[in-house]
Protein chains: 2
Amino acid sequence: MDRTGHPTLQDVSRHAGVSTATVSRCVNDPEKVARKTRERIERAIEELGYTPNFGGRVLASRRSNTIGVVIPTMNNAMFAGALQAVQEVLSDSGKSMLVATSGYDPEQEFRQIRALVGSGADGLLLIGTDRPATTRDYLARRAVPHVLTWCHDPASEAPTVGFDNHEAGKVIAEAAIGLGHRALGIIGGISTDNDRAAGRIEGMRAAVAEAAGGVRIVGVQETRYSLDRGDEAFDRLMARAPIPSVILCGNDVLATGAILRARARGVRVPEDVSITGIDDHDLARVVLPALTTVRVPQRDMGRQAAQVLLERISGAGPVRGRELPLELVWRDSLAAPRQVPPD
Amino acid sequence: MDRTGHPTLQDVSRHAGVSTATVSRCVNDPEKVARKTRERIERAIEELGYTPNFGGRVLASRRSNTIGVVIPTMNNAMFAGALQAVQEVLSDSGKSMLVATSGYDPEQEFRQIRALVGSGADGLLLIGTDRPATTRDYLARRAVPHVLTWCHDPASEAPTVGFDNHEAGKVIAEAAIGLGHRALGIIGGISTDNDRAAGRIEGMRAAVAEAAGGVRIVGVQETRYSLDRGDEAFDRLMARAPIPSVILCGNDVLATGAILRARARGVRVPEDVSITGIDDHDLARVVLPALTTVRVPQRDMGRQAAQVLLERISGAGPVRGRELPLELVWRDSLAAPRQVPPD
DNA sequence: TCGGTTGTTGCAAGCGCTTACATTTTCACA
DNA sequence: TGTGAAAATGTAAGCGCTTGCAACAACCGA
């Protein structure tokens, strides 16, 4: 019995008449124990109601079977959905998931990373590639196995399992340009310390740069991801000439906010102005008009990121990142501009 | 140096010329150490880049400073939002959060609970009051401090921090009845093994039972919480007479699904049929018409539940549950029925 | 029957930390 | 300057488990 009255490995070993080593093996690696012995031990475990002590286990084995995840916020359903997938994979492998949020703040992220590592995390799943040297040094010095997701960069030191945000922005911008839009507005997430938001905007800019014939960006707003911010940014964008004929939003929440605002102001979408999103959030098909957007494979991404992280932790060979495909989803919020404006 | 090359408490103690006990105190309870000594130790910690070993710490102190949360799914933004709040509170108290999901399955929940306890969780936050005796016994036998949320029941053995689901259903049903609706349809979550979904439906039924003048329920559909299921349930409810003049939905996702379906079928909301939700999800204000619903204080609930759990773990006196207020949110999806149908 | 394999089990040394208790130091006050 | 209480520190005994190694048993073919 331990200090709290729970039976210990030792109790089980006595009860079953074997050594503690055998009981330990029976718990962790049953094949290593002869069938008859195993049955005896299992009965003892059952009778005593034994459960392994976590601390002893971690201390002796140097593994906690716990992995940490830091996401910007759980208020974004995209992250939450991916988290769900991560949890499922980990759970299937007998691991538990520690979760923390950074609120898009690099320092907070660093704090949370340290807290998770201090809580025994065997590995870490992080969002995005860019982080301060302090954080990267910490990760390297402590040799914390980690995988980055929600982004993809083959050149990254840590494996990335995700998609190319730059590409996502570019694809949707090209779709708009292809329809004849020449004056584009952008409502993006705040790109400071956020490689995903920045990448999306850059992708949009790149599409414009590559386009022929007077295509230009007439305004860029960066704002926090939230329905209400989409609102305000829309107003600012529509406040002064030249008015964009399409507004490319950094994600579906912003786009939905913009549509809501357009509706309230009597601006018709897509007749007066087209609006696009990125993510393919639930909102995208609920809002009216339904959003034309780029589908981000959140579930798959979460699942695969978790798998890659597990490989990385198990140390089985070099682990490579993976790029996931993006898909343009056509709905109703993007249409050809009313008239092609003169150059 | 430990086996992995990291400095240990012992290294620090040698480096600073003090005993390991003093270093331990300096880390866990700095006031107990004289200033000069503390500074010396802190310098040593800094120079060596020491971080406490989690396993050793848990083993010796019998505390992991980790708490576990089991929710049905993170795909429901309501749970995710609450989780965010829980995480913030825990993080502020230096605790980490383990998260697992049950998929609304009691056995899965039990498995996850065991996994979290096996991962060293000092306490547990669970959703809802009802669970199998097996699970309750386990919790009692292992004496796992736990708090229940998303529900409220002063009679529950474990403290509950949440709202009264029965009341939520009743409030919205009364609102509909008050407007003159007599034929009510219900699309609820699956009430088996789900006291919240069951409570909401019962609340609706209770309102009907208490109402005078031929108010009756003309159909009840139970279905999984998802946009598409709201769809189907709507169809079934509208398929045969008597047709309800209002459909009370168990949550906003179902209600939104129903509205989407109504729109697709050319049924006008609320002119032809009113539709209500519960939760006040983001969808509620995005969907057209915007949902009349009951606001569930997810953030507050998460925050308070976490606080109560921390109290419970610290063992400071008897811990009482808390009930949080509900608020009816009037929007556009609920209106008086076209004509009061003859009794 | 014997040596060699293969399969099982036990021995025992920690893993790195906390903490009750003992000891030493400090300091206010007489 | 002496005294006692309070403050600071040290001593050392584990916490419950894993695991490398050694010991032993069972079984094989020669």
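Sequence lines set the chain letters: A, B, ... in the order given, protein chains first and strands last, and positions in each chain run from 1. Scope of the values below: all heavy atoms of this structure, side chains included, with no hydrogens, waters or symmetry mates.
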Distance, rounded to the nearest Å, where [X] contributes [atom1] and [N] contributes [atom2]:
X        : N       : atom1 : atom2 : value
Asn53(B) : dC15(C) : CG    : P     : 11 Å
Arg25(B) : dC21(C) : CZ    : C1'   : 11 Å
Asp11(B) : dC15(C) : CG    : P     : 11 Å
Lys32(B) : dT24(C) : NZ    : P     : 21 Å
Phe54(A) : dC15(D) : CZ    : C1'   : 15 Å
Ile41(A) : dT8(C)  : CD1   : C1'   : 11 Å
Arg38(A) : dT8(C)  : CZ    : C1'   : 12 Å
Gln10(A) : dG14(C) : CD    : P     : 18 Å

Using only heavy-atom distances, determine whether the side chains of Glu88(B) and Gln84(B) contain a donor-acceptor pair under 3.5 Å.
->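 A pair is found: one side chain offers a donor N or O, the other an acceptor, under 3.5 Å apart.
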Name the residue closer to the 5' end of DNA chain D, choosing between Ala21(A) and Gly17(B) according to the nucleotide with the nearest heavy atom.
->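 Comparing both residues, the 5'-ward one is Gly17(B).
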Over all atoms of both residues, closest heavy-atom pair of Gln87(B) and Val99(A) |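 So the two residues come closest at CG-O, 3.6 Å.
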Could you say whether Thr20(A) or Arg35(A) is positioned toward the 5' end of DNA chain C, judged by the nucleotide with the nearest heavy atom to each?
->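 Final value for this comparison: Arg35(A).
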Just by modelled atom types, is the Arg322(B) backbone N or O under 3.5 Å from a matching donor or acceptor in the His152(B) side chain?
->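 Flag set: sc His152(B) to bb Arg322(B) pair under 3.5 Å.
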dT19(C) OP1/OP2 closer than 4.0 Å to side-chain N/O of Arg63(B) =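 Result: yes.
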Answer yes or no: does a side-chain N or O of Thr22(B) lie under 4.0 Å from OP1 or OP2 of dT9(D)?
->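 Negative; the distance criterion is not met.
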Separation between NZ of Lys95(B) and OG of Ser64(B), rounded to the nearest 0.5 Å |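 Reported value, rounded in 0.5 Å steps: 8.0 Å.
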Counting only side-chain heavy atoms from C-beta out, which of [options] sits nearest to [X]?
X        : options                   : answer
Ser61(B) : dG14(C), dC15(D), dT18(C) : dT18(C)
Ser19(A) : dC11(C), dT18(D), dT18(C) : dC11(C)
Ala60(A) : dC17(C), dT9(C), dC17(D)  : dC17(D)
Thr8(B)  : dC15(D), dT9(D), dC17(C)  : dC17(C)

Could you check if a side-chain atom of Ile41(B) sits within less than 4.5 angstrom of a side-chain atom of Arg38(B), using non-hydrogen atoms only?
->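 Not in contact.
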What does Val58(A) touch in the nucleic acid at a heavy-atom separation under 4.0 angstrom: a base, only the sugar-phosphate, or nothing?
->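 Nothing, no heavy atom under 4.0 Å.
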